[in-house]
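To find a chain, count down the sequence lines: A is the first, B the second, and so on, and within it residues start at 1.
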Amino acid sequence: MLRTHTCGELNLSHLHQKVTLSGWVQRSRDLGGMTFLDLRDRYGITQLAFNEETNADICNQARKLGREWVIQVQGTVTERFSKNKNIATGDIEIIVDIINVLNQAKLPPFTIEDITDGGEEIRMKYRYLDLRRNPVKNNIIFRHKLSIEVRNYMNEAGFLEIETPFLIKSTPEGARDFIVPSRMNPGQFYALPQSPQTFKQLLMVSGFDRYFQIVRCFRDEDLRADRQPEFTQIDCEMAFVEQEDILNTFEGLTKHLFKKVKNIEFDSIPRMTYADAMRLYGNDKPDIRFEMTFVDITSIVKGKEFKIFDDAEAILGINANGCANYTRKQIDDLTDFVKRPQVGASGMVYIRFNEDGSLKSSVDKFYSEDDLRIITEKMNAKAGDLLLLLSGKTEKTQKALSELRLEIGSRLKLRDSSKFAPLWVIDFPMLEWDEETARFYAKHHPFTSPKPEDIYLMDTNPGLVRANAYDLVINGVEIGGGSIRIFEKELQRKIFNLLGFTPEDAQEQFGFLMNAFEFGAPPHGGIAFGFDRLCSVMSGVDSIRDFIAFPKNNNGRDVMIDAPAGVSQQQLNELFIELGKIPE
RNA sequence: GGUUCGGUAGUUCAGUUUGGUUAGAAUACGUGCCUGUCACGCACGGGGUCGCGGGUUCGAGUCCCGUCCGGACCGCCA
């Protein structure tokens with residue numbers, strides 16, 4: 001037997017037992033007459049003790065063991081002289097009789113410890129070693145627990161987990177597809193699914209009225225800390241439901257997961273319309289852990305010869321409570337922040353409401369004290385506050401001020417990663433106008449149903465039509481989104497027409513779905529949660545990479561296995577693929 | 001496609017602003033000493049294509065140009 005116990009379970013109740021343990025050498029401490037060695041496995045660390053006086057031979061063997069060697073030991077569980085309260089097995093140690101080296105190990109390129117000396121890059125290259133470290137290992141275990149609890153809840157709620165194919169058909173809408181050549185069908189390609197969207201709708205037609213799947217999805221777009229080319233969704237669909245049923249069901253899932261995995265309980269999750277989210281936070285995924293909502297002061301600041309405001313479509317401000325003591329340097333810092341091209345503001349105006357009640361602004365030249373008072377009143381400012389104003393085109397200004405708000409929130413430590421503020425954002429617009437191609441695109445996807453009371457706008461002002469679409473946002477991160485789908489053929493035809501599909505295009509790309517809908521499609525809708533993001537947000541971490549066992553880097557590369565890579569000419573020949581000129 | 005930060009010992013970094021002797025620190029590693037450590041301690045030691053290519057200069061880790069690689073972000077992600 002290679003082991004009788006793991007390295008995490010022995011305690012005083014096992015005293016004097018003969019045990020066999022196997023694991024990796026974490027580190028050894030050679031004190032001369034004694035050597036201590038930490039043996040590690042997935043479950044923890046157990047201290048092995050060697051005494052030169054009582055057993056010189058085994059003590060010498062122990063001195064020769066290197067870091068990360070895989071060993072098996074036999075010995076006796078003994079109470080320690082000096083205990084270690086920091087680890088579960090800290091009351092005991094093993095007096096070892098026999099060491100068996102199962103495998104030697106090269107010296108690892110970075111230290112396998114909770115706080116490692118290794119940087120991101122080298123740890124990714126040796127990811128299998130990084131996964132030995134507690135912080136990374138615990139993330140993977142956390143993910144496992146979360147997936148089990150998802151399945152528990154969904155199963156209890158009557159959902160069936162059904163797998164859908166990975167080799168499907170490419171559609172031009174939405175994200176870029178990963179494509180896979182078909183050897184048996186030369187010149188033709190599969191696409192990997194961006195989501196099982198159409199399949200889950202077909203399952204509704206089939207009568208599986210509650211479906212879910214924890215499923216890999218693929219999108220060939222540029223990456224971010226919270227975006228990977230392959231990622232995992234909790235994908236769900238329900239038939240014979242309205243929006244309210246879906247929100248309630250998945251509010252229940254969210255509460256269940258937080259309760260079971262984090263032992264955190266929520267009241268009901270608040271709801272906010274898309275329009276309010278944009279008006280108050282300039283963002284369709286607001287972080288509502290803190291207030292600092294936008295105030296529109298456009299109507300009260302114009303006409304004072306301040307050209308920048310006079311020319312602006314919108315002048316919006318936030319109140320940075322208690323920041324009147326910001327130094328000139330700190331304010332310049334914020335100005336630089338909003339002027340970064342990623343944020344895109346051309347400047348920032350501040351009004352400082354000093355503790356003594358006086359006002360100081362960067363636009364004193366244009367605004368009298370009385371003018372400024374009107375602004376401070378409108379913005380609900382009191383002594384000690386700092387008002388920050390941005391102006392310009394409405395959308396750009398909203399975006400920039402939203403960034404600024406989050407930045408101030410971070411600086412004021414209002415974005416506590418141990419606090420969780422979930423939010424439903426509802427009533428998304430159905431369509432989005434794209435300037436470049438001068439046409440409407442579906443904001444969610446082309447099967448999203450419009451709100452019945454807005455259908456009359458479809459012919460006259462389609463941009464105003466709201467959809468039965470909703471997002472779940474936690475701490476400013478979009479965790480999930482979904483909609484009530486269109487299930488009537490006539491309405492679907494109309495939407496495709498609005499999106500610029502000819503009937504032939506629509507038939508070509510989505511014919512299988514539209515045809516299915518002619519055979520008795522029930523009313524249905526669904527939602528999909530980004531599972532990796534849920535893991536990271538619940539853990540208060542920004543990067544989803546930490547929760548994926550083998551993630552890809554910024555350029556979509558797996559630096560461990562060095563993929564993607566070229567393939568042999570023979571493989572290309574079989575697929576009838578000829579490579580064009582590859583840009584330098 | 002764009003913005004920005006970085007690449008120096010196995011590893012993490014300092015040194016680059018203002019070019020100048022033999023490129024440092026910590027940690028890891030090796031050797032020795034040490035009987036209660038648990039980030040053990042102490043002493044000694046080995047370890048460098050300063051990402052790569054070119055240029056300026058008497059002289060380049062340091063300045064200039066190019067290039068590759070990595071991180072963060074914008075665009076993109078129905």
Side-chain angles (χ1 to χ4, degrees), chain A residues 26-40 45-54 59 63 66-68 78-87 89-90 93 106-126 129 171-177 194-195 197-198 217-229 231 336-337 339-344 396 399-400 403 428-432 434 436 440-448 467 469 478 481-483 495 499 509-510 528 530 542-543 545 553-555 557 559 583-584:
Chain A
Q26 175 72 34
R27 74 165 68 231
S28 62
R29 293 176 290 279
D30 180 356
L31 271 64
M34 297 204 75
T35 292
F36 297 101
L37 193 142
D38 291 339
L39 189 67
R40 185 197 72 237
I45 281 182
T46 299
Q47 176 164 287
L48 312 179
F50 305 87
N51 191 318
E52 181 147 81
E53 216 163 77
T54 51
C59 198
R63 286 195 184 106
R67 268 184 196 256
E68 300 303 316
T78 311
E79 186 168 3
R80 289 201 198 183
F81 285 3
S82 47
K83 296 178 177 165
N84 182 348
K85 299 216 179 329
N86 298 321
I87 61 173
T89 62
E93 65 194 1
K106 290 212 301 196
L107 199 64
F110 52 89
T111 55
I112 313 288
E113 281 161 21
D114 289 4
I115 297 177
T116 177
D117 64 1
E120 185 85 3
E121 200 177 343
I122 193 126
R123 287 190 288 118
M124 280 302 166
K125 186 165 176 191
Y126 297 92
L129 297 181
T171 53
E173 289 275 306
R176 204 174 283 116
D177 285 318
Q194 299 172 23
S195 84
Q197 183 60 39
T198 49
C217 301
F218 306 86
R219 291 178 190 175
D220 186 8
E221 295 293 347
D222 285 6
L223 309 181
R224 291 284 188 282
D226 64 348
R227 256 162 40 192
Q228 285 272 301
F231 61 99
D336 288 343
F337 173 83
K339 284 165 91 168
R340 288 167 51 213
Q342 282 89 338
V343 179
K396 258 187 96 172
K399 177 178 173 286
E403 294 291 334
F428 274 81
M430 189 169 72
L431 303 166
E432 202 169 27
D434 180 59
E436 224 168 279
F440 281 109
Y441 281 85
K443 188 161 175 83
H444 187 50
H445 58 59
F447 317 112
T448 301
E478 182 191 332
S483 64
I495 302 287
L499 293 172
Q509 283 170 34
F510 302 111
D542 286 334
S543 172
R545 281 177 210 171
N553 78 2
N554 235 359
N555 295 323
R557 296 201 68 84
V559 294
E584 293 287 318

Subject >> Those residues that, when tested against A:Lys125, pass side chain to side chain donor-acceptor pair (under 3.5 Å) (two or more places apart) >> reply: none
**OP:** For nucleotides 37-49 of chain B, just jot down a letter per nucleotide in 5' to 3' order: B, S or -, based on protein non-hydrogen atoms under 4.0 Å.
**Re:** BBSB---------
Enumerate all atom pairs, one protein N or O and one N or O from nucleotides 11-17 of chain B, separated by less than 3.5 Å.
from  : atom 1 : to       : atom 2 : distance (Å)
B:U11 : O4'    : A:Pro109 : O      : 3.4
B:U11 : O2'    : A:Asp117 : O      : 2.2
B:U11 : O2'    : A:Asp117 : OD1    : 3.3
B:U11 : O2'    : A:Gly118 : N      : 3.4
B:U12 : OP1    : A:Gly119 : N      : 3.3
B:U12 : O4'    : A:Asp117 : O      : 2.9

**OP:** List in chain and number order the residues that pass salt bridge (charged side-chain N to carboxylate O under 4.0 Å, His left out) with A:Arg80, two or more places apart in sequence or in another chain; answer none if no residue qualifies.
**Re:** none
**OP:** Not counting sequence neighbours, which residues clear salt bridge (charged side-chain N to carboxylate O under 4.0 Å, His left out) with A:Arg176? List them please.
**Re:** A:Glu221
**OP:** Would you indicate which nucleotide in B:C73, B:G1, B:G70 comes nearest to any side-chain atom of A:Ala225?
**Re:** B:C73
Subject >> Under 3.5 Å donor-acceptor pair, A:Gln342 side-chain atoms to B:C73 base atoms >> reply: yes
**OP:** Please identify each residue that fulfils side chain to side chain donor-acceptor pair (under 3.5 Å) with A:Asn553, with sequence neighbours left out.
**Re:** none
Subject >> Residues that A:Lys339 engages under salt bridge (charged side-chain N to carboxylate O under 4.0 Å, His left out), provided they are two or more places apart >> reply: none
Subject >> By ring pair (Phe, Tyr, Trp, His ring centres under 6.0 Å) - contacts of A:Phe440 (at least two apart) >> reply: A:Trp433
**OP:** Could you state the atom-to-atom distance from CG of A:Asp222 to P of B:G2 in whole Å?
**Re:** 12 Å
**OP:** Go ahead and name the base partner of B:G47; Watson-Crick or wobble counts if both distances stay under 3.5 Å, otherwise write none.
**Re:** none
Subject >> Sequence-distant partners of A:Asp226, salt bridge (charged side-chain N to carboxylate O under 4.0 Å, His left out), two or more places apart >> reply: A:Arg533
Original post:
Should A:Arg545 be listed as having a side-chain N or O under 4.0 Å from OP1 or OP2 of B:A72?
Top reply: yes
